[in-house]
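Count residues from 1 along the sequence.
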Amino acid sequence: MRRKLVVGNWKMYGSLTSNKALLESLVTGLYKYRQADYAVCVPHPYLAQAQSILEGTNIAWGGQNMNQFEAGAFTGSVAPHMLVDFGCRYVIIGHSERRELCHESDLVISAKFEAAIKDGMNPIFCLGETREEHESGKAEHVVARQLDAVLTRMGAEGIAKGVLAYEPVWAIGTGRGASPEQAQHMHAFIRSRVANLDRVIAARLRIIHGGSVRVSNAAQLLSMPDIDGALVGSASLVAPQFIAICRAAN
Ligand code: PEP
């Protein structure tokens with residue numbers, strides 16, 4: 001039985017004051033709900049704040065990106081061990097906004113996945129097709145390519161040390177997410193591709209879902225057999241909404 005995981009992706013939102021209120025509400029709202037795992041991925045400057053408020057609670061925290069190298073002349077970058085220094089259990093890798101806006105390639109993303117594992121974190125590896133790819137019937141082809149970049153480097157055993165997040169790009173931030181059936185189809189496709197290498201590992205791999213997950217659709221999405229949790233953007237910034245989604249997972 002795979003334990004569900006709900007992760008909030010705060011993107012570039014927040015302030016010391018608003019974060020404090022949000023994090024404290026999450027701690028209070030979730031402390032009794034022990035049947036699922038929860039995390040928030042915050043902007044890097046707020047990692048110390050997240051650590052000080054969440055340490056010892058049932059909510060983990062993480063980064064939204066990192067460099068694949070441990071040190072070097074990479075102005076503006078953050079190394080894996082720096083996230084570990086602030087107690088990060090998770091790091092989002094290959095989010096579609098970084099693939100698109102920062103031109104991150106499958107190769108770079110697979111290197112980041114490996115680096116996160118090496119430093120003892122759980123990478124949350126995002127994959128998903130754009131609207132154009134979706135409408136032209138290329139979703140499986142694109143997702144297979146993205147998945148294979150990490151599978152080839154890490155093998156089935158390696159990929160299972162992280163978490164996969166299927167996020168159709170056309171569903172992110174639009175308020176019009178994939179239907180539970182559409183999402184389930186792609187999650188099952190991803191799992192079957194890993195199962196081609198190792199059935200046992202595929203059965204325990206967590207594949208969470210992102211793209212306009214809201215209070216209104218969370219329970220239905222989370223009830224699908226291959227959906228093991230949610231990666232939540234905008235709804236993770238509103239405490240009652242994020243708490244309700246987490247409770248649906250619980
Ligand atoms: C995301 O950016 O990972 C995301 C899922 O955003 P939203 O929930 O706002 O669609």
Side-chain angles (χ1 to χ4, degrees), residues 4-14 18 22 26 29 36 38-43 64-65 90 92-104 106 109 124-147 163-193 206-250:
K4 296 233 190 298
L5 167 68
V6 181
V7 181
N9 173 15
W10 287 9
K11 310 197 185 194
M12 198 175 71
Y13 293 102
S18 65
L22 175 53
L26 299 185
Y38 319 110
V40 287
C41 290
V42 307
Q64 298 173 13
N65 176 45
Y90 296 98
I92 296 173
I93 296 293
H95 191 281
S96 62
E97 285 152 16
R98 295 202 59 88
R99 287 181 189 264
E100 189 190 334
L101 303 172
C102 306
H103 310 291
E104 284 192 9
D106 290 333
I109 291 162
I124 299 168
F125 164 46
C126 299
L127 60 178
E129 78 286 1
T130 64
R131 176 170 299 284
E132 194 189 350
E133 290 160 347
H134 181 72
E135 285 173 357
S136 57
K138 293 191 189 131
E140 291 186 359
H141 175 77
V142 170
V143 166
R145 188 205 75 222
Q146 293 170 338
L147 176 62
V163 173
L164 270 50
Y166 171 63
E167 297 202 298
V169 183
W170 46 271
I172 294 178
T174 60
R176 291 205 312 275
S179 69
E181 294 72 25
Q182 269 176 319
Q184 165 59 26
H185 172 81
M186 288 302 290
H187 281 240
F189 170 74
I190 293 167
R191 196 179 305 286
S192 71
R193 207 159 172 94
R206 286 206 284 198
I207 310 174
I208 66 175
H209 187 75
S212 296
V213 176
R214 304 282 190 264
V215 179
S216 54
N217 62 0
Q220 263 195 309
L221 284 165
L222 292 167
S223 70
M224 303 310 279
D226 287 293
I227 299 185
D228 305 315
L231 180 54
V232 184
S234 62
S236 72
L237 298 168
V238 185
Q241 294 184 19
F242 191 62
I243 290 168
I245 295 169
C246 290
R247 287 182 183 175
N250 186 78

Would you mind reporting whether [Y] and [X] have side-chain heavy atoms less than 4.5 Å apart?
X: F242; Y: V40; result: yes
X: E129; Y: H141; result: no
X: I190; Y: L147; result: yes
X: V169; Y: R131; result: no
X: I208; Y: V163; result: yes
X: D228; Y: L5; result: no
X: E100; Y: H95; result: no
X: L127; Y: E167; result: no

Please report the interatomic distance [atom1]([X]) to [atom2]([Y]), rounded to the nearest 0.5 Å.
X: M186; Y: H134; atom1: CE; atom2: NE2; result: 9.0 Å
X: M12; Y: E97; atom1: CE; atom2: CD; result: 10.5 Å
X: R98; Y: Q64; atom1: CZ; atom2: CD; result: 9.5 Å
X: L222; Y: N217; atom1: CG; atom2: CG; result: 9.0 Å
X: M224; Y: H185; atom1: CE; atom2: NE2; result: 12.0 Å
X: I109; Y: C126; atom1: CD1; atom2: SG; result: 8.5 Å

State, to 0.1 Å, how close [X] and [Y] come at their nearest heavy-atom pair, and which atoms those are.
X: V213; Y: L221; answer: CG2-CD1, 4.0 Å
X: S212; Y: G173; answer: OG-N, 3.8 Å
X: A171; Y: T174; answer: O-OG1, 3.1 Å
X: C41; Y: V7; answer: SG-CG1, 3.8 Å

* **Partner residues of H209 under the ring pair (Phe, Tyr, Trp, His ring centres under 6.0 Å) criterion, sequence neighbours left out** =>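 H209 satisfies ring pair (Phe, Tyr, Trp, His ring centres under 6.0 Å) with Y166, H187 only.
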For [X], which residues count as a side-chain hydrogen bond (donor to acceptor under 3.5 Å, both in side chains) partner, sequence neighbours excluded?
X: T130; result: E133
X: S136; result: none
X: K4; result: none

* To do: State which residues pass side-chain contact (heavy atoms from CB on, under 4.5 Å) with L237; sequence neighbours excluded, sorted by chain then number.
  =>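 Scan of L237 (side-chain contact (heavy atoms from CB on, under 4.5 Å), adjacent residues dropped) gives W10, Y13.
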* **Partner residues of Q241 under the side-chain contact (heavy atoms from CB on, under 4.5 Å) criterion, sequence neighbours left out** =>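 For Q241 the side-chain contact (heavy atoms from CB on, under 4.5 Å) partners, ignoring immediate neighbours, are V215, A235, V238.
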* How about E135: does its CD atom have over 12 heavy atoms from other parts shown lying under 6.0 Å from it? ->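 Above 12, so yes.
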* Asked: Does K138 come within less than 4.0 Å of E132, counting only side-chain N to carboxylate O?
  -> no
* Run the salt-bridge test on E104 and R99 with the 4.0 Å N-O cut-off and return the result as yes or no. => no
* For the pair R206 and D226, evaluate salt bridge (charged side-chain N to carboxylate O under 4.0 Å, His left out) and give the outcome as yes or no after the intermediate values. => CA-CA 8 Å; R206 286 206 284 198; D226 287 293; over 6 Å; no
* To do: Please lay out, stage by stage, how I92 and N65 fare under the test side-chain contact (heavy atoms from CB on, under 4.5 Å).
  => CA-CA 6 Å; I92 296 173; N65 176 45; over 6 Å; no
